[in-house]
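First the proteins, then the strands, lettered A, B, ... as listed; each starts at 1.
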Amino acid sequence: MKTTKSQRQKLLSLKKREEFLLVQNKGKKWVSETVIIQTMPNDIGPSRIGFTVSKKISKSAVTRNRIKRRLRAAAADIIGVKGKSGHDYILVGRAKSETVSYEQILKDLKWCLKRLELLA
RNA sequence: UUUGGAAACCGGAUAGUCGCUGCUGUGCUUAGGCGCAGGAGAGGAAAGUCCGGACUUCACGGGAAAACGGCGCCGGAUAACGUCCGGGGGUGGUGUGUGAAAACAUAUCAUUACGGAUAGUGCUGAAGAAAUUUAGACUACCUGCUUUUGCAGGAAAAGGUGAGAAGGUGCGGUAAGAGCGCACCGCGGCUGCUGGUAACAGGGUCGGCAUGGUAAACCCCGCCGGAAGCAAAACCAAAUAGGGGCUGCGUUUAUGAUGUUCCCGCAUCUGUGGCCCGGGUAGGUUGCUUGAGGUAAGUGGUAACGCUUAUCCUAGAUGAAUGGCUAUCGAGAAGAAGCGUGCUUCUUUGAACAAAAUCCGGCUUACAGGUUUCCAAAAAGC
């Protein structure tokens, strides 16, 4: 799964708390073993993406950061290449996200997108 | 060489590929921005947020006191500290010497929240006869009375209880005893004596010397402290609502106010459009990393640390970058086999704690493994 920069669409990041709450309350949701995805269309054109790893998953900041970085890398590989543009995404980490293989995260993420009918 | 302790330091490596955030140079773009190249990018604790500062805003004429909070042997280091260094005292252990013992001297190690208990108040369980008051007679002791059980008195030397029973040892003394007397040791007060900057140590002198412990109990004494914190703070500043100024239009039909005490009339405002101004929210920029800075050499100091010269620039994010994946190597761990019994080979596993958030100095807590130095003990060799 190697992609170059030119093949990817630009992904902006979600920053405000209201935007997160909007997607969480109004958006569609699909749960897999390693990742939970929430999404809804936006009006601005390019896709935006945000990550949530709560303290319930792990009390260690090191672990939470690692989960966030793995999800960010997976999102760039999957959503950046195959996801529909013009949507807001939130990826929620789970406890298994740190230890499971990277291939498994990619697979779960793709499956979630397919179920939400967002594969381009 | 092994084990234990102390201190200092390090705390996975290399390559490929795909990315992220600043910086420098450069190209394009009206601008926002988009490319290309180069180079940089988590810790010893970044953690806990427990102390001390720098810095910022607010308050404030200066000083003092009260209240509240903190600190507390002495000297030094420092920007400062509750930190660090050196010293003193106390307590405990060990070795040596003196001694009958108690104890003292000396060396060394550890530890210490170490101002005041004679300013006052409070508390002091259980056990024990008696626990702080010039106390106390349970057993044993001595004297007298009594026939035995016992009664009266003397007495803190012995036993028992306890953390602690009011100095210890010896001699004298006595009915038995007791600092009752004496010697040595210990203790307390005083000291314009000696050494030391000082804490303190030593000496002298007085007292036969019950009057304890607790101040991380109240309290007393001395010293220190204005408050909040980078989400501090400064600047730029959209939309909406509201405020002020100028001005155009409209209306005396209605409401009220003012000029004006009442009536009438008139004017202005209360209506609405435009422009401008200031406060201020979202958002943005600055603060933001050159600093009580690092490294090296010299130098002063027992040390903490200081001084001089040279040289270097080393993260700056903000839903929060500093990475994802793959391969190789790997300190180490577990298991099996072989024999030379601590080595070899094979298999499996594959690195602790923990991630900056304005910046420094400390403290505390977490931490697999490794390196160096010093100390102690044991074994081997000489």
Item checked: Nucleotide opposite B:U161 in a Watson-Crick or G-U pair, distances under 3.5 Å -> none

Check: In Watson-Crick or G-U wobble terms, both distances under 3.5 Å, what is the partner of B:A37?
Finding: B:U24

Margin query: If I compare all heavy atoms of A:V92 with all of A:L71, which pair ends up nearest, and what's the gap?
Written below: C-CD1, 4.3 Å

Item checked: Distance (rounded to the nearest 0.5 Å) between A:F20 CZ and A:Q38 CD -> 10.0 Å

Check: With both distances under 3.5 Å as the test, what is the Watson-Crick or G-U wobble partner of B:C363?
Finding: B:G48

Margin query: I want to verify the glycosidic state of B:G44; is it syn or anti under the 90° rule?
Written below: syn

Note to self: Applying the 5.5 Å / 30° rule, does A:Y102 stack onto the base of B:G324?
What the structure shows: no

Note to self: What I'd like to find out is whether the side chain of A:I37 reaches to under 4.5 Å of the side chain of A:K29, using heavy atoms alone.
What the structure shows: no

Note to self: Looking at B:U108, which nucleotide sits across from it as a Watson-Crick or G-U wobble partner, both distances under 3.5 angstrom, or is there none?
What the structure shows: B:G93

Under 3.5 Å, which N/O atoms of the protein pair with N/O atoms of nucleotides 353-357 of chain B?
from, atom 1, to, atom 2, distance (Å)
B:A355, N7, A:N65, ND2, 2.8
B:A355, N6, A:R69, NH1, 2.4
B:A355, N6, A:R69, NH2, 2.9

Next item on the list: In plain terms, say whether A:K96 and A:E33 are close enough for a salt bridge, that is, a side-chain N and a carboxylate O under 4.0 Å apart.
Entry: yes

Using a cutoff of under 3.5 Å, can you pull out all pairs of nitrogen or oxygen atoms linking the protein to nucleotides 282-284 of chain B, with atom names and distances?
none

Check: Now, which nucleotide makes the Watson-Crick or G-U wobble pair with B:A217, with each of the two distances under 3.5 Å?
Finding: B:U121

Item checked: For B:C151, the Watson-Crick or wobble partner whose two distances fall under 3.5 Å -> B:G144

Notebook entry, point to check: Can you tell me the Watson-Crick or wobble partner of B:C353, both distances under 3.5 angstrom?
Noted result: B:G43

Item checked: Any donor-acceptor pair under 3.5 Å from A:R64 side chain to A:K55 backbone -> no

Check: Which nucleotide, in any strand shown, forms a Watson-Crick or G-U wobble pair with B:C60, with both distances under 3.5 Å?
Finding: none

Checklist line | Check: A:T34 main-chain N/O paired with A:S97 side-chain donor or acceptor under 3.5 Å | finding: yes

Check: Using 4.0 Å as the upper bound for N to carboxylate O, is an ion pair formed by A:R48 and A:E19?
Finding: yes

Note to self: Looking at A:R115 and A:W30, would you say the former's side chain and the latter's main chain have a donor-acceptor pair under 3.5 Å?
What the structure shows: no

